[in-house]
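Quick notes on the structure that follows.
Because only heavy atoms are used, hydrogens play no part in the values below, and waters and symmetry mates are left out as well, while side chains stay in. A note on names: the letters A, B, ... follow the listed sequences, proteins ahead of strands, and every chain is numbered from 1. Predicted model, so just to flag it, every value in this text is computed and none were measured.
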Amino acid sequence: MAPEKPPRKPPVETAVPPVPGAPAVALPTGVAPSVGLQLPWYKRLWEGTIPLRASRVGMVGFAIVAFWTLVAILGPVLARYDPGDQVVAPIPKGATILDLPGGAFPSTKPYREDNPDTPEDETILGYVLTNSGPTSTAWFGTDDRGRDVYSRLVIGARQVMVIAPLSILIGAVIGILLGLAAGYYGGWIDEILMRILDAIIAFPIIVVLLLIVSSIGASRVTVIAAIAVASIPGVARLARSLTLDLRTRDYVSAARLRGENAMYIMVREIFPNASGPIIIDLTLRVGYAVFAIATLGFLGLGLPPPTPDWGSMVAEGRNFVTTNAWAALFPATAIATLVVGLNLMADGIRQESARYR
Amino acid sequence: MSRFILRRLGTLGITLVLVSLMVFLIVEVASPVSVCRRNLGQFATDEQVTLCEQRLGLDRPLPVRYAEFLKNAVTLDFGVSTLTDEPVLDSVIPRLGKTLMLAGIAFIVIMPLAVVLGILSALKEGRLMDRVIAISTLTATSIPEIATGIFLLVVFVGWLGWLPGATVIPQGDSLLQHPSFFVLPVLTLTLIEVGYVARITRASMIDVLDSQYIRTAYLKGLSYWKIVMRHALRNALLAPIAVIMLHVNWLIGGIVVTEVIFGYPGLGRFILGAALNRDVFGLEAATMILVLVAVGTQLIADVVYTFLNPRIRFG
């Protein structure tokens, strides 16, 4: 990958060259000197979001991601039906089966018993509303089995929003440890690790995911594991290259002279100084994880059937694109907005941090 | 130069051996249910499963099986498909041809478009045009193939009805006789890839425009367009060409998904079918060939880039 050139802005004027005897850097009033580490955690967290808040594009992405996070949290409250339930509509009085819209079939259940419109002494026959466009009974329409697309979408958000960050987190922990070890020890450890990671990179990522999930069997655990494995090489390479530079620093030599062990030096001395670029890289990877989950679902290798899964919703809707485009359109839009939001956010952070560096 | 290529080939060999080991372990060993049991179903008797394993040679010890797999992979002989009972290679090679055809057409569409967009945004760096191109291409690139493909399907097949939704070739016809089948897959791939290449072109062009020899050209009094077309463009095009070739793994992933969306009969759809139907040997063959294509392209890109760039060649 060719390195992206940071935007050409005049470098921010830093303080005047230090005059002997004068404080090296002029500090803004109200901030005590050298407090970087003593700030309470929430202030440090707030400061950590500066690159995001500084970028307009990043904030647009953040808004989209926040929206979907909210949907995922509120999922069961927002859903109107159980994601597996069929939407039942009343058969109009005097109508026969032949009068029903194409694809619809009589329901085994009467039209929603809890509906106040249904008179108590009378059972209105119901039919399963299949492949319908958006209506007031089903806001986003129904799929080919008569399930409510809106409810499935809202409940499915939860799956994506949990699995994506979780799988990247697992991949990141392993990748960072491998990268730190490879960069810190060098020599044959580095050589062996890098050869293995190169072999994983040689695969097109989709193929790695496909091989792992199809061989072991599609389940939530397999999907998480596959995405974690696919993200390890990239994270490890980045961590390694940062470590190669950082291990020559004086504070690492100092720690070594103090007699600290290798694990301590890697995790407590090197990692905190490498964390900036790694975090930026990980935000980009979460977007990729959403993409991977959706694609696996589309290929029929996602979460097993009862779970509403955006990717498999798209795949099912795709087969009926000429009769009812909505069933594919809504989940596809959900996937697209979430991935674009995550990417805009990551890109905003990346560009702003490049400017500050 | 030759030492560089030899070294690259050496590490490439190691990588390919490791790749084959991983493919073997994941496909034949990692599965919790044995290949034969999975193919025959839960109602097959144990004898039937044993018989099947003997026939496929799956009852032998793992190292022996891996050695044979490696030997066969070198000679590109991957055995007989458990699905069709034909040699795997016979179905893989024509499909590879169709996939390469799709990739080639996409490449021809993507490159000029991306280069024009990249150069435009480099020349207007920081202005409105640059930002509009940057944001729209970033968005188009970020949208996953499945969403892009569905949007195109809904509009052009579902609503307008202009194009076929699936690639169904009449018996005896060749794919090229039906150019309409290519429109949507190529469009999908273009939307996915164009932003990336445009981005690289932009960065590379900005780099070149910043350089000393462009300043010299200005000071010599050459016209703006002469400088852009003659001096800057030639030097700026090197990076995007190399990058798209190094990017081939991403392109292959996109092609696999695109083929599935539009039912295009290429290697991508084959690999998915093999994975879903537990056609072990077909899956191994298709994977190894895809990896070979990817690694080979990257090697060529490396060599070409090194060869064309004197700073690396003599450095």
| message | Is the shortest side-chain heavy-atom distance between A:S214 and B:L283 below 4.5 Å? | response | yes

| Side chain / backbone / both / neither for B:I261 at chain A, heavy atoms under 4.5 Å | both

| Any A:I205 side-chain heavy atom under 4.5 Å of B:N249 side chain | no

| request: May I ask you to list the residues in residues 327-343 of chain A that approach chain B closer than 4.5 angstrom, counting heavy atoms only, ordered by number? | output: A:A328, A:L329, A:A332, A:T333, A:I335, A:A336, A:V339, A:V340, A:N343

| query | For A:N324, is it the side chain, the backbone, both, or neither that has a heavy atom closer than 4.5 Å to a heavy atom of chain B? | reply | neither

| task | Hey, can you tell me if B:W250 and A:Y288 have their rings parallel, tilted or perpendicular (30° and 60° cut-offs)? | result | tilted

| query | What part of B:E145 lies closer than 4.5 angstrom to a heavy atom of chain A: side chain, backbone, both or neither? | reply | both

| Who in residues 217-235 of chain A is close to chain B, using a strict under-4.5 Å heavy-atom cut-off? | A:G217

| Option in B:I143, B:L138, B:I146 with maximal non-hydrogen atom pairs under 4.5 Å from chain A | B:I146

| Can you say whether A:V321 sits under 4.5 Å from chain B via the side chain, the backbone, both, or neither, judging by heavy atoms? | both

| query | Side chain, backbone, both or neither: which part of B:V27 has a non-hydrogen atom closer than 4.5 Å to chain A? | reply | both

| task | Any chance you could measure A:D347, atom CG, to B:T141, atom OG1, to the nearest 0.5 Å? | result | 10.5 Å

| Close side-chain approach of A:L299 to B:L276, heavy-atom, < 4.5 Å | no

| query | Which atoms form the tightest heavy-atom contact between A:A202 and B:T15, and what is the distance? | reply | CB-CG2, 4.0 Å

| request: Calculate, to the nearest 0.5 Å, the distance between atoms CD1 and CD1 belonging to B:I14 and A:I192 respectively. | output: 10.5 Å

| remark: Expected contact set for residues 194-201 of chain A against chain B at heavy-atom separation under 4.5 Å reads A:R195, A:I196, A:D198, A:A199, A:I200, A:I201

| said: Need one label for A:F320: side chain, backbone, both or neither, based on atoms under 4.5 Å from any heavy atom in chain B. | reply: neither

| field | OH (A:Y150) with more than 12 external heavy atoms under 6.0 Å | value | yes

| chain A contact via B:A275 - side chain, backbone, both or neither, heavy atoms under 4.5 Å | both

| field | Most contacts with chain A, counted as non-hydrogen pairs under 4.5 angstrom, among B:L272, B:V260, B:I252 | value | B:L272

| query | Under 4.5 Å, heavy atom to heavy atom, which residues of residues 17-26 of chain B contact chain A? | reply | B:L18, B:V19, B:M22, B:V23, B:I26

| task | Identify which part of A:F298 has an atom lying under 4.5 Å from any heavy atom of chain B, answering side chain, backbone, both or neither. | result | side chain

| request: Sort out for me which of B:V29, B:L153, B:T139 touches chain A most, counting heavy-atom pairs under 4.5 Å. | output: B:L153

| So what's closer than 4.5 Å to chain A heavy atoms on B:I271: side chain, backbone, both or neither? | both

